[in-house]
Amino acid sequence: MAEKIEFCILDTDYLLETERQALIRIWGRTREGKTVLALDRRFLPFFYILPKPGLDKGELEDMEKRLKDLNIEGKRPLKVEMLDKKIYGKSARVFRVTLENPTDVPKFRDLVKNWKETEEEYEYSISFYRRYMINKGLIPMAWVSVEGREVKTDLQADVCLEIDSIKPIKEEKYPNFRVMAFDLEAVHEDGEERIIMLSMKDNRGFSRVLTYRGRKGRGIKLVKDEKGLLEEFLKAVRERDPDILATYNGDRYDFPRLDERAEKHKVTLTLGRDKKHVVFRRRGRISSAQMNGRVHVDLYDFIENILSDTLSSEILTLDSVSREILGKGKKDMDMKDIEKSWKGNIKHLAEHCMQDSELTLGLSKRLLPQIFELCRVSGQKLFDTARMSYSQLVEWLLIREAFKTDEIIPNMPRFDEIRKRRLSKSYVGGYVYPPEQGIHDKIALFDFASLYPSITITHNVSPETLDCQCCSSKPIGAKVSEKEDILSARKNRVPGEPHYFCLRHKGFIPGILERLVEFRSEIREKLKQTSPKSPRYKDLYNRQYALKILANASYGYYGYPGSRWYSKICAQSITAWGRFYIQKVIAFAKNRKYRVIYGDTDSLFLKVRNEKDARKFLRDVKAKLPKTMHLAFKGLYKSGIFVPTKAGTAAKKRYALIDSEENITIRGFEKVRRDWSDIAKKTQEEVLLHILRDKSPEKALNRVRSTIKRIEKGRVDFDDLVIYTQLTKPLEEYEQIGPHVAAARKARTKGIPVKEGSVIAYIITKGTGSISERAVPLELAKNYDPEYYIHNQVIPAALRVLAGLGYTEDDILKKRPQASLDKFIQKGLKHRLKSGITKLSRKEKN
DNA sequence: GGCCCACGGGG
DNA sequence: GGGTACGTGGGCC
C-alpha cells in the first residue's frame, strides 16, 4: 500500500546489511505523535577526483576509461561521470565515481590516489548518513514528506515505510518529543564501582527510582540486585519509549558505568529502538554513547562546548549550571556522603538521585530547543550537533552551503598539515588599551556587536577573494594610517598587512554570513512584535541565538588548525581590521577629550558625564563608521576598578563593575581544579562567600590570613593537604617526574601497589630539593611543608578571586596599605552585593 | 622558556 | 569508513 506521511526527523543512521547497497534509516515523529522509521535502499555513495591540470582531452578520456575499469575483487564503480563543479569559487572539471557500498569509497580512493593523472580526491570522508541528508536537502529536526510502502518491522516504531520519495517541507514547529532524563549512583566496593541506584524522569509525568536496598516507597521500586536494576531500567526505557535520553555527563560517566556493569552481569544494554547494545563512538579524546532510533543527549557536552561562553558560572557542575539556568540547584553529596547514605538513609539517597534526574530534565527543557535550532542551522543530526564544538558547527554549515552552490568541499587537513598550522607563528589578535588602574565612576561601556562577522561581511574576507586577480591592478585604500578618515577602512586593503580582498565578487563565507545576519535581524524584528511569554517567542529567541553562535564562530574557524576552509591570512586580516576599528573609536574619543579607561578587542570603557553624554558620543562616532559595523552603548556603570596585568604579556581582562541597579560584574576569574589540596579549595570557596554573601573583602582577607597561620603552626589535618593526581600511563614511561610520579615511585618501593590509572594521594613535605622530591604518598607522610601550602596552594587559590578585586599577595600578607582599594570595595560591594545578581566569570569575550 | 602532564563533568 | 581534534596552568628540565 502506498502511504504518504509527514514527520520531523529525529535521527538518521545506516546499516550495512550486505556487501551490496547500504540501508539508510530515518527516525522521526509525526504531528499526531507516531514514531516513524523510514527506509531507503536506493542511495549510492560517491566521491570526486580532480585530474591534474593540463591533461588534454585524450588523456582525460583515458583516465575516465581507467576509472570505469577499476576492479576490486570483481566490484566495479557503478558510474563514472565528468562534472562541472567549483573549487574555491573557480570552475573545475571533476570525475564523480559512484559506488555500491559506503565501505567501497575508501578502497577505491586508495586505488586512484597515487595515479599520475590524479591531482586530488574529494568528499571521500563524508559519512554515509550525512551524504544522504546533504544530497537530499534534508535537515534534522525539520520536517519531511515521505511517500512509500508500509512494511513490517520488529523495531520499535509505530509506522515503518520503504521510501519511494522523500522531500523536505516547511514547518517551524516541533512535534512533542518524548524526553527522559536519568541518573545513577554508584559506590566503590571490593575494588569495583557498583551501581546502587538509578533514577528516571520523563516529560510525561513518569518518575522512578530503582534500588536494591531499603524499603520501597513512593516512586521507589525495589529490585533484587544490581542485575535486576539494569534489567528494570531497560524495561522502563522500552515502555516509556522516549525519543531523547538526556544525561549530565553520561558520555563520560553514566554510560561507561552501565556498560561495565552490564558486561559483568551478562546483560545486553538495549536502550535504543532496536535490539542492539549501546555503542561507544570515539570522538577525539572521549567516546559518546549512542543507540539506534533514540538520541542520547549529554547536556554536559553541549554546555561545555557551546553554552559555557554565555554562562557566567565558573564551573560546569550540574549544581552550578542548574542554579544559573533554572534558578535552582541541589544539595551536593560527595562520595563519602553517598556511601554513608547507602549504608543508612536510602530514602535520602533516593531523593538526591531523583533530584539529579529532575534537574537534568529541567535543563533539557530549556536547552534542547536551542540545540534543535542549531541542528537546523548546521544541518547536522541531534546526536552530533549536541556534541559539536563551534568550529564543527561552522564547518557543517559551510559544507551544506557548499553543496547548494556546486562547491567541492575542501578536504580536512592531514595530520602533518594540522601540526604545521599549529606550529606556525601566531598572529596579532585583538587590540588592548591598557586599563587605567584604580577606581573610576561614571563609566560607559561600548562594544561592537559581532565585530568579527561584521568585518568579514563588510570587507568580503574569504579565502577565494583574497588578493584576487580582478582587483589586483588597483587595491584601494593602500595607505591606511591613523590620520586618515575612519571610513577609509571600507576600502579593500587590510590595515597594516600586504593583502586585499575582492571588491567585485562576493566571497563564499561572507555571503553565507550575510544571509545569516540578515535572517537573524528578520527574526529579531519578529521578536519585537511577539509577546515574551508566548512559546513562539522562545522559538524565535532560540533561532536567533543559534544564528548568532554560528556567525560569531566563523572567525575562529578561519584560524582553527583542523579547518577545511583554513586561512590564517583571513583570520589575521579580520583581527587587523578589528584593531583598526577599535583604535579609530578610541582615537575619536580622545579627540573629543573623553578619558579612555580601558579597551579590549571590541569594547571600550569611557568616562562620561552622564548617559546623555554617552549616547551623544555614540551617535557621533557611528556617523564615522561603515553602516555594517554596529557599535552599541551597553550601559553606564556607577563605578568600577580595572586591574592591569603584567605589561608585555597578553593583557587579561580583570575588572569589577557596578551598575545603577547595584549589580556587580567581576571578570578575570580562573578556577581551581581537583589536583589542588582541599585547604586551597576551601579557602577559595570561603573567600568567594565572604565577598559575595557577607559583602566583606576584609573578612575574606582575614580568612586567608588565619588559614595561613594555621598552616604555619602545623595545625592542619593531612586530609586537607592531600593532592590527588592520576597516573595516566605506566610509571616507567614518564619522561618528566612530576610530584605524583615521584610519590608513586616512593609508594612502590614501600610495597604499595600503583599502576596506570591509580590516583596518587600525596603530601608535599619539609626538606630540600624540588617539589617532586618532597612529594610523599599520604600513607608515608610524616610532616608537611607550610611554605608550599601557603605560597603554592592557598595564596594562588585565594588570589584567583581577590586579584579580580585588586588585591595582591602583599595585601594578604599585610605588606602594603590598602586604603584606596578598600574604599572602593567598601563603597562598591557592601550594599550592592545584596542584589545577588552577581556575575563571576572566567570568560573572556571572543 | 619550552615541554610534559593532568584536569574538566560524574560517583 | 573516515573524528585525527581542547584550552589552560603547574612544575620539571
Quiz prompt | 5'-most by nearest nucleotide on DNA chain C - A/E735 or A/P796 | solution = A/P796
Quiz item: 5'-most contact on DNA chain B: A/E193 or A/Q736, nearest heavy atom basis?
Solution: A/Q736
Quiz item: A/F128 CZ to C/dG3 C1': how many Å, rounded?
Solution: 19 Å
Quiz item: C/dT4 C1' sits how many Å from A/Y124 OH, rounded?
Solution: 12 Å
Self-check item: Span that lies between the P atom of C/dC6 and that of B/dG11, in whole angstrom
Solution: 27 Å
Exercise. Go through the steps to decide whether A/S199 and A/D183 satisfy the test side chain to side chain donor-acceptor pair (under 3.5 Å), and finish with yes or no.
Key: CA-CA 5 Å; A/S199 65; A/D183 176 62; 4.6 Å; no
Quiz item: Should A/N792 be listed as having a side-chain N or O under 4.0 Å from OP1 or OP2 of C/dG10?
Solution: no
Quiz prompt | Closest to side chain of A/I418, choosing from B/dG11, C/dT4, C/dG2 | solution = C/dT4
Exercise. Using atom CZ of A/R194 as one end and atom C1' of B/dG10 as the other, report the distance to the nearest whole Å.
Key: 19 Å
Practice problem: Using a heavy-atom cut-off of under 4.0 Å over every strand shown, decide if A/R285 touches base, sugar-phosphate, or nothing. | Solution: base
Exercise. Mind checking A/I303 for me? I need base, sugar-phosphate or nothing, with any heavy atom below 4.0 Å counting as a touch.
Key: nothing
Quiz item: Looking only at side-chain N and O atoms, does A/Q726 come under 4.0 Å of OP1 or OP2 in B/dC7?
Solution: yes
Quiz item: Which part of the nucleic acid, if any, lies within reach of A/Y390 when heavy atoms closer than 4.0 Å are counted: base, sugar-phosphate only, or nothing?
Solution: nothing
Self-check item: Ring centers of A/Y124, A/F108 separated by less than 6.0 Å
Solution: no
Quiz item: Can you tell which of C/dG2, C/dG3, C/dC12 lies closest to the side chain of A/S125?
Solution: C/dG2
Practice problem: Grab the CD1-P distance between A/I286 and C/dT4 for me, whole Å please. | Solution: 13 Å
Quiz item: Roughly how many Å is it from CH2 in A/W676 to C1' in C/dG10, rounded to a whole number?
Solution: 8 Å
Quiz prompt | Aromatic A/F383 / basic A/R387 pairing, under 6.0 angstrom, 45° off normal | solution = yes
Quiz item: Nearest of C/dA5, C/dG2, B/dG9 to any side-chain atom of A/R422?
Solution: C/dA5
Quiz item: Within the structure, does a side-chain N or O atom of A/H740 lie under 4.0 Å from either OP1 or OP2 of B/dA6?
Solution: yes
Quiz item: Which nucleotide in the set B/dG9, C/dC12, B/dC5 lies at the smallest distance from any side-chain heavy atom of A/S770?
Solution: C/dC12
Exercise. Between B/dC5, C/dT4, C/dA5, spot the one nearest the side chain of A/T728, thanks.
Key: B/dC5
Exercise. Would you indicate, yes or no, if C/dG3 has its OP1 or OP2 atom less than 4.0 angstrom from a side-chain nitrogen or oxygen of A/R387?
Key: no
Practice problem: For B/dG9 and C/dT8, measure between their P atoms and round to the nearest Å. | Solution: 15 Å
Self-check item: A/T765 (side chain) donor-acceptor with A/R774 (main chain) under 3.5 angstrom
Solution: yes
Quiz item: What nucleotide, of B/dG9, B/dG11, C/dC13, holds the atom closest to the side chain of A/I737?
Solution: C/dC13
Practice problem: Side chain of A/I338 only, please: which of B/dG10, B/dG11, B/dG8 is the nearest? | Solution: B/dG11
Quiz item: Is the phosphate of C/dG1, meaning OP1 or OP2, less than 4.0 Å from a side-chain N or O of A/K107?
Solution: no
Quiz item: So, does the side chain of A/R109 form a donor-acceptor pair with the base of C/dG2 at under 3.5 Å?
Solution: yes
Quiz item: Pick the nucleotide of DNA chain B nearest each of A/T317 and A/V741; which residue has the one closer to the 5' end?
Solution: A/V741
Practice problem: Report yes if a side-chain nitrogen or oxygen of A/T103 is closer than 4.0 Å to either non-bridging phosphate oxygen (OP1 or OP2) of C/dG1; otherwise report no. | Solution: no
Quiz prompt | Lys/Arg-Asp/Glu bridge criterion (N-O < 4.0 Å) met for A/E123, A/R131 | solution = yes
Exercise. Tell me what A/F255 touches on the nucleic acid: a base, only sugar-phosphate, or nothing, going by heavy atoms under 4.0 Å.
Key: nothing
Quiz item: Can a donor-acceptor pair be found between the side chains of A/E226 and A/Y212 at a distance below 3.5 Å?
Solution: no
Practice problem: Identify, with sequence neighbours excluded, every residue that meets side chain to side chain donor-acceptor pair (under 3.5 Å) alongside A/N101. | Solution: A/T103
Exercise. Output the single nucleotide from B/dG9, C/dA5, B/dG11 whose closest atom is nearest the side chain of A/Y300.
Key: B/dG9
Quiz item: Which part of the nucleic acid, if any, lies within contact of A/L16, taking any heavy atom under 4.0 Å across all strands shown: a base, the sugar-phosphate backbone alone, or nothing?
Solution: sugar-phosphate
Quiz item: Is the A/F233 to A/F182 ring centre distance short of 6.0 Å?
Solution: yes
Quiz item: Is there a donor N/O on one and an acceptor N/O on the other, under 3.5 Å, for the side chain of A/Q392 and the base of C/dG3?
Solution: yes
Practice problem: Tell me what A/D356 touches on the nucleic acid: a base, only sugar-phosphate, or nothing, going by heavy atoms under 4.0 Å. | Solution: sugar-phosphate
Quiz item: A/L359 CG to B/dG9 C1': how many Å, rounded?
Solution: 15 Å
Quiz item: Can you tell me if the side-chain N/O atoms of A/Y734 get under 4.0 Å from OP1 or OP2 in C/dG11?
Solution: no
Quiz prompt | Gap between atoms CG and C1', on A/L799 and C/dG10 respectively (whole Å) | solution = 16 Å
Quiz item: Which listed nucleotide (B/dG8, C/dG11, B/dC7) is nearest to the side chain of A/T725?
Solution: B/dC7
Quiz prompt | Distance, rounded to the nearest Å, where A/Y48 contributes OH and C/dG2 contributes P | solution = 16 Å
Exercise. Please work out if A/D301 contacts a base, only the sugar-phosphate, or nothing of the nucleic acid, heavy-atom cut-off 4.0 Å.
Key: nothing
